[in-house]
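Let me begin by presenting the structure, written as structure tokens, before commenting on it.
In this text the structure is predicted, and so the values were computed from the model without any measurement.
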Amino acid sequence: MHYKESIQPCFFDPRISFLIIFIGIYLFLFSVFFVLEPLRSTFMIWVTYGSAALMQIIGLHAEASTATLAQGFTEIRLRGVLYQVHEKCTGLPLVLLVAAAVAAVPARIHHRLAGAAAMVVVTSAIACMRILILGLVAEFGNNAFEIFHTYIMEVLTVALGISILTFWCRMVARLR
């Protein structure tokens, strides 16, 4: 068997095509968000203030601050305790992964673009809810905060990301 004959079927496998497209889109989104500091900062500000607003709605006294944005994080103050909100806390990695995966699913280009845009909004809302839940844990069960922050919320975030992608794949299948 020649090299050309052995490699050719690999590129026609839809799983390999999806993986290549996903990696390409992810690297593009990663470079856009991490090269353009104002875009990344705007996202962090939006999620921080959105989370603080949600906390205010449910009765927690939360104050958001962007005074430390130049140092790479924003802050939310609850009961005199200052919590640092870093990029990972804002869900940016989830946003980029889900948007890239949704855009890589075989569909018409306008469906891909609409799906990626919708997933940015949905995953951003999930990031705000994640910070809200952590705020509730910090307010009412401060000794469990580290466990929630490090383990439980990470697992829930990954599960939500997979659920969103699964939902999108089902929607695309219906659109065909």
Side-chain angles (χ1 to χ4, degrees), residues 25-26 29-30 32-103 105 111-172 174:
I25 293 170
Y26 180 75
L29 291 174
F30 182 84
V32 166
F33 267 89
F34 288 95
V35 169
L36 300 176
E37 174 63 33
L39 185 60
R40 189 171 71 237
S41 296
T42 301
F43 183 79
M44 283 183 66
I45 291 167
W46 185 85
V47 170
T48 300
Y49 278 97
S51 301
L54 288 173
M55 289 177 195
Q56 290 283 353
I57 289 170
I58 65 166
L60 296 178
H61 181 68
E63 297 174 18
S65 171
T66 58
T68 56
L69 190 58
Q71 297 167 348
F73 59 91
T74 56
E75 296 174 326
I76 295 178
R77 181 180 301 277
L78 287 169
R79 277 192 307 156
V81 178
L82 202 57
Y83 293 96
Q84 295 179 351
V85 181
H86 294 270
E87 285 174 3
K88 188 176 177 189
C89 301
T90 64
L92 188 55
L94 173 69
V95 170
L96 297 179
L97 283 170
V98 171
V102 164
V105 172
H111 290 145
R112 288 180 186 206
L113 292 174
M119 293 312 144
V120 167
V121 172
V122 168
T123 52
S124 297
I126 289 170
C128 289
M129 293 301 294
R130 180 178 189 265
I131 293 173
L132 170 67
I133 291 168
L134 288 172
L136 288 169
V137 170
E139 185 76 12
F140 299 111
N142 198 7
N143 54 348
F145 181 81
E146 233 8 82
I147 292 169
F148 261 82
H149 181 265
T150 306
Y151 301 106
I152 295 171
M153 294 311 295
E154 291 294 324
V155 170
L156 286 175
T157 302
V158 170
L160 281 170
I162 293 169
S163 298
I164 290 168
L165 180 58
T166 303
F167 173 77
W168 177 250
C169 290
R170 288 181 182 156
M171 280 192 53
V172 165
R174 288 184 195 146

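Two residues are said to be in side-chain contact when any heavy atoms from C-beta on lie closer than 4.5 Å; Gln84 and Thr68 fail this criterion. Contact of the Met44 side chain with the Val85 side chain is not registered, since no non-hydrogen atoms from C-beta on lie closer than 4.5 Å. Side-chain contact check for Ile58 versus Leu132: some heavy-atom pair is nearer than 4.5 Å. Within the 4.5 Å cutoff, no side-chain heavy atoms of Val155 are placed close to those of Tyr151. Using a 4.5 Å cut-off on side-chain heavy atoms (C-beta onward), Tyr49 and Thr66 make contact. Side-chain contact between Leu156 and Arg130 is absent, with no heavy atoms from C-beta onward closer than 4.5 Å.
With values rounded to the nearest 0.5 angstrom, Leu96 atom CG is found 12.0 Å from Ile25 atom CD1. Taking CG from Leu92 and CG from Leu97, the interatomic distance works out to 9.5 Å, rounded to the nearest 0.5 Å. To the nearest 0.5 angstrom, Ile76 atom CD1 is 4.5 Å from Met55 atom CE. One distance of note links CZ of Phe148 with CD1 of Ile133; it measures 8.0 Å at 0.5 Å rounding. Atom CD1 of residue Ile126 and atom OG1 of residue Thr157 lie 8.0 Å apart, to the nearest 0.5 angstrom. For the atom pair CG of Leu94 and CD1 of Ile164, the computed distance is 6.0 Å after rounding to the nearest 0.5 Å.
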Given the rule in the side-chain contact (heavy atoms from CB on, under 4.5 Å) test, do Ile152 and Val137 qualify, once you have shown the distances and angles that lead to the verdict?
-> CA-CA 11 Å; Ile152 295 171; Val137 170; over 6 Å; no
Let me see the working for Val172 and His111 under side-chain contact (heavy atoms from CB on, under 4.5 Å), right down to the final yes or no.
-> CA-CA 8 Å; Val172 165; His111 290 145; 5.6 Å; no
Check the pair Leu134 / Tyr83 against side-chain contact (heavy atoms from CB on, under 4.5 Å), numbers first and verdict last.
-> CA-CA 10 Å; Leu134 288 172; Tyr83 293 96; over 6 Å; no
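The shortest heavy-atom contact between Thr48 and Ala64 is CG2-CB, 3.9 Å. Of all non-hydrogen atoms in Ser124 and Val47, the two that sit nearest each other are O-CG2, 4.5 Å. Taking each heavy atom of Val102 and Gly115 in turn, the nearest pair found is CG1-C, 3.5 Å. The two residues Val105 and Arg112 come nearest to each other via the heavy atoms O-NE, 3.2 Å. Minimum interatomic distance between Leu165 and Ala101 (heavy atoms only, all atoms of both residues): CD1-CB, 3.7 Å. Considering every non-hydrogen atom in both Ala127 and Thr90, the closest pair reads CB-O, 2.7 Å.
Few gaps surround CE on Met153; more than 12 heavy atoms of other groups in view lie less than 6.0 Å from it. In Ile147, the CD1 atom is not crowded: 12 or fewer heavy atoms of neighbouring residues, nucleotides or ligands sit closer than 6.0 Å.
Between the side chain of Ser65 and the backbone N or O of Glu75, no donor-acceptor pair lies under 3.5 Å.
Ring orientation note: the planes of Phe73 and His86 are tilted relative to one another, at an angle of 30° to 60°.
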